[in-house]
Amino acid sequence: AINNSYGAGGGLWHQSEGRGSQAGHSATHSLYYGQGEGPDGGGNYDVGNTEGVVLSPLVDLTFVAAPVTLSFNYCLETEGSVWMGYDVATVEVSQDGGPFSVVASNGVGGVALADPSYVWAAASVDLSAYAGSSIQLRFHFATGDELFNNYEGWYVDDVAVSCGVVLPMRAAVWDRGPVAPSGVPV
């Protein structure tokens with residue numbers, strides 16, 4: 001589920017056809033934090049101090065053994081001042097309803113996301129520590145201020161959790177509720 005009211009609010013997450021025909025992800029749609037994109041991308045998030053999240057349904061890993069892997073494709077471009085708290089892109093995990101922890105980012109914490117990536121890039125995150133529990137994923141973008149936001153933003157596609165069986169998390173599935181280990185929404 002997309003929540004553009006989270007934190008500072010005014011978020012820009014939406015389903016997009018921007019960069020939809022480019023190699024490196026499944027065509028034609030992806031989730032995008034930004035605005036004004038065309039078929040080849042080119043949008044930005046230059047609308048002030050904004051923040052938003054995309055939250056997955058619950059992923060039941062209760063009866064799953066390691067290894068467990070999160071994979072996704074992304075294209076990311078920000079001002080590159082994440083170390084100062086600006087334009088922060090993070091992937092976060094909540095275990096059994098607890099607080100979210102960063103597992104990937106363009107700054108501090110987790111697997112490093114290339115910023116700028118210029119083209120679609122693949123990311124893989126080991127989630128084996130979460131085997132035996134229920135998790136929720138969160139893609140979180142926050143500008144931190146209203147300055148230097150004329151960059152393309154963040155596209156995310158092909159999100160999947162695998163544990164011997166791939167559990168697809170495409171945008172069309174995210175609003176259907178919890179997902180069983182078989183990959184079928186329940």
May I ask whether [X] and [Y] are part of the same hydrophobic cluster, defined by side-chain heavy atoms of I, L, V, M, F, W, Y residues being less than 4.5 angstrom apart, directly or through others?
{"X": "V59", "Y": "V64", "answer": "yes"}
{"X": "V47", "Y": "Y151", "answer": "yes"}
{"X": "V111", "Y": "Y130", "answer": "yes"}

[X] to [Y] - nearest heavy-atom pair and separation:
{"X": "Q136", "Y": "S56", "answer": "NE2-O, 2.9 Å"}
{"X": "F141", "Y": "A89", "answer": "CD1-CB, 3.8 Å"}
{"X": "F100", "Y": "L137", "answer": "CE2-C, 4.3 Å"}
{"X": "L61", "Y": "C163", "answer": "CD2-SG, 4.5 Å"}
{"X": "A104", "Y": "V125", "answer": "CB-CG2, 4.1 Å"}
{"X": "S105", "Y": "G109", "answer": "OG-O, 2.9 Å"}

Backbone of [Y] reached by a side-chain donor or acceptor of [X] within 3.5 Å:
{"X": "S128", "Y": "V68", "answer": "yes"}
{"X": "D87", "Y": "E79", "answer": "yes"}
{"X": "S30", "Y": "Y155", "answer": "no"}
{"X": "S117", "Y": "A121", "answer": "no"}
{"X": "H29", "Y": "A27", "answer": "no"}
{"X": "E152", "Y": "G42", "answer": "yes"}
{"X": "S94", "Y": "G98", "answer": "yes"}
{"X": "E51", "Y": "A142", "answer": "no"}
{"X": "W13", "Y": "G52", "answer": "yes"}

query = Atom CG of L58 and atom OG of S134: how far apart are they, to the nearest 0.5 Å?
reply =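 Reported value, rounded in 0.5 Å steps: 4.5 Å.
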query = Could you give the distance from CD (Q15) to CD (E17), rounded to the nearest 0.5 Å?
reply =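 Between Q15 CD and E17 CD, I get 8.0 Å after rounding to 0.5 Å.
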ask   = What do the steps show when you test V156 against Y33 for side-chain contact (heavy atoms from CB on, under 4.5 Å), and what is the final call?
value = CA-CA 9 Å; V156 177; Y33 193 93; over 6 Å; no
request  = Dump the intermediate steps for side-chain hydrogen bond (donor to acceptor under 3.5 Å, both in side chains) on Q95 and S133, then the final yes or no.
outcome  = CA-CA 7 Å; Q95 182 177 23; S133 61; 3.2 Å; yes
Does any part of the side chain of [Y], heavy atoms only, come nearer than 4.5 Å to the side chain of [X], both counted from C-beta?
{"X": "L127", "Y": "V93", "value": "yes"}
{"X": "V88", "Y": "N106", "value": "yes"}
{"X": "L147", "Y": "Y86", "value": "no"}
{"X": "Q35", "Y": "Y45", "value": "no"}
{"X": "N3", "Y": "L55", "value": "no"}
{"X": "V159", "Y": "L70", "value": "yes"}
{"X": "L113", "Y": "F72", "value": "yes"}

ask   = Strictly by modelled atom types, are E37 and S16 linked by a side-chain donor-acceptor pair under 3.5 Å?
value =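 Judged by distance alone, the side chains do pair up.
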request  = Check each of D158, N73, D157 against H25 using the side chain to side chain donor-acceptor pair (under 3.5 Å) test, and report the only one that passes.
outcome  =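 Answer after filtering D158, N73, D157: D157.
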ask   = Quick one: which of T143, N149, D145 gives a side chain to side chain donor-acceptor pair (under 3.5 Å) with N49?
value =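 Exactly one candidate clears the test, T143.
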key: Candidate pair D115 and T78, rule side-chain hydrogen bond (donor to acceptor under 3.5 Å, both in side chains), full reasoning   = CA-CA 7 Å; D115 182 8; T78 72; 2.4 Å; yes
query = For the residue pair Y74 and F139, is the inter-centroid distance of their aromatic rings smaller than 6.0 Å?
reply =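 Between Y74 and F139, the centre distance exceeds or equals 6.0 Å.
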ask   = How about Y6 and H140: are their ring centres within less than 6.0 Å of each other?
value =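 Judged by ring-centre distance (under 6.0 Å), Y6 and H140 do meet the cut-off.
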